[in-house]
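Below: the structure, in structure tokens.
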Amino acid sequence: MSDKIMKINNKEYSCAIELTLDIIGGKWKPIILWKLAQNGVLRFSELKRSMGGITQKMLTQQLRELESYEMVHREVYAEVPPKVEYSLTKQGKSVMPILDVMCKWGTDYYEGIISEKKE
């Protein structure tokens, strides 16, 4: 698929890795996906509380991007005050094996660095 131009959300990608990184890359998107996978369904405020350091504006932006790629489902309830819940879609769940491997790699890397410093 390296020679094929892929077009999604009015963007062109010449490489599947470029597309993957656009969808799940960055500081916050993998964490959002991870938190939703662990909890199933979270309200905006619950998600924000579980992610120390993210601003409301950044969380909103990242959720909108994930929603545009159909990784996250946004459910709005018509009540006062408004209630909005987020959950993973089938596509969002499909990325979890990748994030699991990234988590394991990060743990192994950290433990390797720590053990090297003790020597």
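Quick note: numbers below take in every heavy atom, side chains included, and nothing from hydrogens, waters or symmetry partners.
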What distance do [X] atom [atom1] and [Y] atom [atom2] have between them, rounded to the nearest 0.5 Å?
{"X": "W28", "Y": "Q62", "atom1": "CH2", "atom2": "CD", "result": "9.0 Å"}
{"X": "L88", "Y": "K90", "atom1": "CG", "atom2": "NZ", "result": "14.0 Å"}
{"X": "T55", "Y": "K48", "atom1": "OG1", "atom2": "NZ", "result": "7.0 Å"}
{"X": "L36", "Y": "I31", "atom1": "CG", "atom2": "CD1", "result": "12.0 Å"}
{"X": "N9", "Y": "S68", "atom1": "CG", "atom2": "OG", "result": "4.5 Å"}
{"X": "R49", "Y": "R43", "atom1": "CZ", "atom2": "CZ", "result": "9.5 Å"}

Which atoms form the tightest heavy-atom contact between [X] and [Y], and what is the distance?
{"X": "P97", "Y": "S94", "answer": "CD-O, 3.3 Å"}
{"X": "G40", "Y": "S87", "answer": "O-CB, 3.4 Å"}
{"X": "M96", "Y": "A37", "answer": "CE-CB, 3.4 Å"}
{"X": "Y13", "Y": "I8", "answer": "CE1-O, 4.1 Å"}

Minimum side-chain heavy-atom gap [X]-[Y] below 4.5 Å:
{"X": "K35", "Y": "M51", "result": "yes"}
{"X": "K93", "Y": "T89", "result": "no"}
{"X": "V84", "Y": "Y77", "result": "no"}
{"X": "N39", "Y": "L47", "result": "no"}
{"X": "I24", "Y": "M71", "result": "yes"}
{"X": "K29", "Y": "L66", "result": "yes"}

Heavy-atom neighbours of [X] [atom1] exceed 12 at 6.0 Å:
{"X": "Q61", "atom1": "CD", "value": "yes"}
{"X": "Q38", "atom1": "CD", "value": "yes"}
{"X": "I113", "atom1": "CD1", "value": "yes"}

Quick test of your reading of the model: are K104 and D100 salt-bridged, counting only N-O distances below 4.0 Å?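 Here K104 does not pair with D100 in a salt bridge, since their nearest N and O are not under 4.0 Å apart.
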Go through L59 and I32 one step at a time and tell me if the side-chain contact (heavy atoms from CB on, under 4.5 Å) criterion holds. CA-CA 9 Å; L59 180 55; I32 291 168; 3.7 Å; yes
Test of understanding: clusters of I, L, V, M, F, W, Y form through side-chain heavy atoms closer than 4.5 Å, transitively. Do L33 and V101 belong to the same one?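 No, separate clusters.
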Using the rule that Ile, Leu, Val, Met, Phe, Trp and Tyr join whenever any side-chain heavy atoms are under 4.5 Å apart, tell me whether L21 and M58 fall into a single cluster.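 Each belongs to a different hydrophobic cluster.
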For salt bridge (Lys or Arg N to Asp or Glu O under 4.0 Å), just list the numbers for E85 and K83, CA-CA rounded to whole Å, side-chain angles, deciding distance to a tenth of an Å, and then say yes or no. CA-CA 7 Å; E85 293 180 336; K83 178 180 174 184; 3.6 Å; yes
Would you check, one step at a time, whether the test side-chain contact (heavy atoms from CB on, under 4.5 Å) holds for Q91 with Y69? CA-CA 9 Å; Q91 288 296 98; Y69 285 109; over 6 Å; no
Start with the C-alpha distance between E67 and Y86, add both sets of side-chain angles, then the distance that settles side chain to side chain donor-acceptor pair (under 3.5 Å), and finish with yes or no. CA-CA 9 Å; E67 191 179 1; Y86 294 90; 5.7 Å; no
List the steps, then state whether side-chain contact (heavy atoms from CB on, under 4.5 Å) holds for E75 with V41. CA-CA 10 Å; E75 185 74 33; V41 176; over 6 Å; no
